[in-house]
2 protein chains.
Amino acid sequence: MSDVHDRERLARVAWSGIAEPGDAVAGALVGALGAADALDWLRDATARLDGGGAVEQGRLDRGGAADRDGSAAPGRDGEPGRRHPLDDPRLGRAVRRWAPRLARSEPAAALAAVERLGGGVLVPGDRAWPAGIDDLGPEAPACLWVRGRLDLGAVPHGAAAVVGARAATTYGERVAFDLAAGLATRGVAVVSGGAYGIDAAAHRGTLTMAGHAVVVLAGGVDRAYPTAHARLFEAVLDGGGAVVSELPPGGLPTRSRFLQRNRLIAAMAGATVVVEAAWRSGALSTAHHAARLLRPVGAVPGPVTSMASAGCHRLLRDGVAVCVTDAGEVLELVRPAGGAPEPERPQDVRLHDGLDHVARAVHEALPRRTGHDVTRIAVTAGVTADEALGALGLLELRGLAARTGDGWRVRPGSVV
Amino acid sequence: MSDVHDRERLARVAWSGIAEPGDAVAGALVGALGAADALDWLRDATARLDGGGAVEQGRLDRGGAADRDGSAAPGRDGEPGRRHPLDDPRLGRAVRRWAPRLARSEPAAALAAVERLGGGVLVPGDRAWPAGIDDLGPEAPACLWVRGRLDLGAVPHGAAAVVGARAATTYGERVAFDLAAGLATRGVAVVSGGAYGIDAAAHRGTLTMAGHAVVVLAGGVDRAYPTAHARLFEAVLDGGGAVVSELPPGGLPTRSRFLQRNRLIAAMAGATVVVEAAWRSGALSTAHHAARLLRPVGAVPGPVTSMASAGCHRLLRDGVAVCVTDAGEVLELVRPAGGAPEPERPQDVRLHDGLDHVARAVHEALPRRTGHDVTRIAVTAGVTADEALGALGLLELRGLAARTGDGWRVRPGSVV
């Protein structure tokens with residue numbers, strides 16, 4: 001994991017402990033200056049804050065890192081007419097919320113902690129950095145903390161998010177398990193959140209088929225949340241999957257971090273499928289994140305009498321999601337254009353398949369026992385006598401009609 | 001039922017016994033000449049057929065009724081460039097299939113038979129003729145045989161078709177019953193096909209709420225099909241509903257007539273809802289008829305593990321239908337613009353409703369037992385100390401935070 005210069009990597013590690021997940025002000029600053037220069041800038045701004053309040057009313061002195069080393073900071077001079085991040089009026093407030101965390105920041109220690117677990121960090125530019133994350137723009141995480149192997153590019157057909165309610169039904173868990181197992185056999189990595197219910201069923205289904213499971217946590221990767229899933233997460237790692245977070249080791253999962261975590265799930269997957277979700281459910285936020293990223297969204301229908309499916313039906317009615325019922329249909333979302341077509345859904349061949357409407361009508365008009373003559377059959381069927389005669393020949397060939405002494409009837413055994 | 005001239009009415013009665021349901025050649029002929037003149041024309045053409053084959057190769061002598069009484073036949077001279085029905089190459093074959101039935105046609109006897117049952121016929125122009133039927137064009141029925149009251153215009157909010165599989169599940173029957181009952185209470189007539197399964201459940205749900213039930217049969221209205229539903233159909237009539245068919249009394253239901261019957265159901269309803277349908281199911285034909293008529297189509301989702309819902313999910317995936325889960329959503333399809341809005345779906349009020357993200361983050365950062373000072377809470381929440389202080393005041397007002405000797409904590413009992 002040394003594709004990216006160590007100074008920048010360590011600065012991103014520091015930022016991941018300083019800014020809350022989804023902090024777009026931090027993201028814009030890091031994007032404009034680079035993580036290391038942005039950190040230097042923050043140190044200077046914090047020092048001035050402590051010294052006498054130069055950071056005021058959101059209007060900032062542009063002094064600091066970027067000035068100190070000249071024009072090195074990328075994007076510093078932006079396009080004309082586009083506000084530079086350093087002019088962002090939110091920056092003054094941001095510095096005051098970042099400052100206390102900057103003082104406690106120990107990126108090297110955090111990195112050492114994850115490495116003791118056999119993990120590490122990924123930053124943009126690393127080969128294994130999931131490209132889809134970049135679509136989050138300034139809300140992209142500074143880095144990803146990873147245990148196991150998060151090389152989605154190495155999975156043949158990308159990744160699908162399979163998410164849903166913690167309060168899932170037996171039905172929902174079964175569907176999530178089967179969907180994930182089906183995706184795994186088709187070479188699709190399955191991303192989910194490690195929670196009770198749908199998430200866990202999706203991870204288990206993936207593992208059953210030796211697929212690539214990705215658990216995205218809302219807290220640090222050093223702690224299993226929920227703790228009851230510690231063994232499940234170990235199984236994911238043993239199976240070659242990954243446990244991922246944007247928070248450093250020790251990071252606690254909070255409500256807002258769960259919601260921000262959902263944007264990562266959506267961004268890492270080519271498509272997001274919601275298996276069960278109540279009318280108001282966090283899983284819907286994952287779907288909406290995916291929709292905002294213009295990624296396909298699927299929803300699995302369920303009984304309308306089940307509140308656990310109400311959120312899925314809401315997504316369908318609102319046009320946010322398309323209806324998906326099996327892994328093949330999810331695969332269509334993940335790679336709409338490529339790959340081999342799914343086999344046709346097996347269809348039962350019906351008695352009348354391949355017959356035109358005249359032949360069908362004549363077949364229906366045939367008596368079961370004693371035969372009728374062609375004229376009578378034609379009248380019953382509402383066709384001409386010529387048409388009836390032609391159709392009877394065809395039906396005889398197909399084994400559906402039989403001649404009798406006095407006419408025609410259904411061939412015994414040909415009607416169920 | 002005497003809004004329309006008796007000669008025309010009786011001719012339409014005759015045509016309903018001569019042409020099979022959905023026979024567009026007959027419909028075009030009747031539309032062009034009028035039913036009575038078309039019948040006279042058919043008599044002449046049949047006589048020539050018997051006499052020596054003037055009706056040959058689909059090219060017809062235009063002699064007959066229309067010539068006999070001059071230019072009375074409506075549409076006889078059509079627009080230039082548009083083929084006149086008498087030039088239709090299918091007409092020669094049609095005459096040969098109509099001729100045997102013409103010979104047996106006894107419209108007055110058929111009319112007397114339905115009147116003995118207390119019924120009658122409706123033809124276009126009658127006040128109670130369902131206007132939606134006309135959208136079928138040349139495939140519209142010559143007349144409707146009606147027992148009971150089919151005055152859809154007298155129902156406050158029109159009609160919805162609720163259809164589905166005979167091989168329904170308990171789930172599907174319950175949903176059909178509830179949907180129909182909900183539509184009935186909202187002043188919507190419920191149209192269905194009288195079959196086992198979803199159809200019967202829809203009729204029963206309508207009757208439960210004293211709604212207007214319409215049974216559209218594939219055979220004559222003098223015979224209950226299936227016979228086990230004779231009492232159900234009587235209950236429909238007792239409740240002020242109607243039993244309808246395009247076939248004269250004595251008409252037998254056949255496979256093709258079931259499929260044609262479905263076009264009538266779709267045409268009589270402002271919207272069609274499929275409750276359960278297998279991957280291949282006749283109920284899908286009703287949905288497709290409705291779609292061709294540009295009428296809204298709804299599909300009720302169900303478990304993806306249930307083959308009885310596979311056809312509904314297919315309609316959703318193909319974009320033929322929208323997802324509907326209750327009667328209110330069906331009502332939106334029946335009258336998309338008008339009427340009072342449905343009440344908002346009841347939503348549970350959550351702890352954090354109305355709080356901004358700062359207040360939410362601060363609330364989550366509050367310790368449960370011993371208090372923390374504002375700075376520590378601000379760091380945990382990732383907000384500035386000023387923001388934390390403001391949020392704490394708000395949370396205190398909302399009863400969500402409490403002061404302690406050394407700081408702030410969650411107010412006991414405010415977190416579930």
TODO: Could you tell me which portion of A:Thr380 (side chain, backbone, both or neither) has an atom closer than 4.5 angstrom to a non-hydrogen atom of chain B?
DONE: backbone

- [ ] Name the member of A:Val383, A:Leu252, A:Val322, A:Thr375 that forms the most heavy-atom pairs with chain B at distances under 4.5 Å.
- [x] A:Val383

TODO: Under 4.5 Å heavy-atom distance to chain A, tell me which part of B:Ala381 shows up: side chain, backbone, both or neither.
DONE: backbone

Open item on the list: Would you say that more than 12 heavy atoms from the other residues, nucleotides or ligands in this model lie under 6.0 Å from the NE2 of B:His372, or not?
Closed with: yes

Task: Separation between CZ of A:Arg255 and NE2 of B:His363, rounded to the nearest 0.5 Å - done: 8.5 Å

- [ ] Would you give the length of the straight line joining atom CZ of B:Arg360 to atom CG of A:Leu259, rounded to the nearest 0.5 angstrom?
- [x] 8.0 Å

Open item on the list: Counting only non-hydrogen atoms closer than 4.5 Å, does A:Val379 touch chain B with its backbone (N, CA, C, O), its side chain (CB onward), both, or neither?
Closed with: both

- [ ] Select one option (side chain, backbone, both, neither) describing which atoms of B:Asp23 are under 4.5 Å from chain A's heavy atoms.
- [x] neither

Open item on the list: Please classify the contact between A:Asp386 and chain B as side chain, backbone, both or neither, with a heavy-atom cut-off of under 4.5 Å.
Closed with: side chain

Open item on the list: Taking every non-hydrogen pair under 4.5 Å, which of B:Thr305, B:Asp178, B:Leu316 racks up the most with chain A?
Closed with: B:Thr305

- [ ] Determine the minimum heavy-atom distance between B:Thr254 and A:Glu364, stating which atoms define it.
- [x] CB-OE1, 2.9 Å

Open item on the list: Taking the side chain as everything from C-beta on, heavy atoms only, tell me whether A:Arg317 gets closer than 4.5 Å to B:Glu332.
Closed with: yes

Task: Inter-residue atom distance B:Arg97.CZ - A:Glu387.CD, 0.5 Å rounding - done: 6.5 Å

Task: Largest heavy-atom contact set with chain B, pairs under 4.5 Å, which of A:His313, A:Arg104, A:Glu20 - done: A:His313

Open item on the list: For B:Tyr225, I'd like to know if atom OH has over 12 heavy atoms of other residues, nucleotides or ligands within 6.0 Å.
Closed with: no

Open item on the list: Is it the case that atom CZ in A:Arg166 sees more than 12 heavy atoms from other parts of the structure closer than 6.0 Å?
Closed with: no

- [ ] Could you tell me which of B:Pro100, B:Gly302, B:Ala365 has the largest number of non-hydrogen atom pairs under 4.5 Å with chain A?
- [x] B:Gly302

Task: Atom of A:Val304, atom of B:Tyr171 and distance for their closest heavy-atom approach - done: N-OH, 2.9 Å

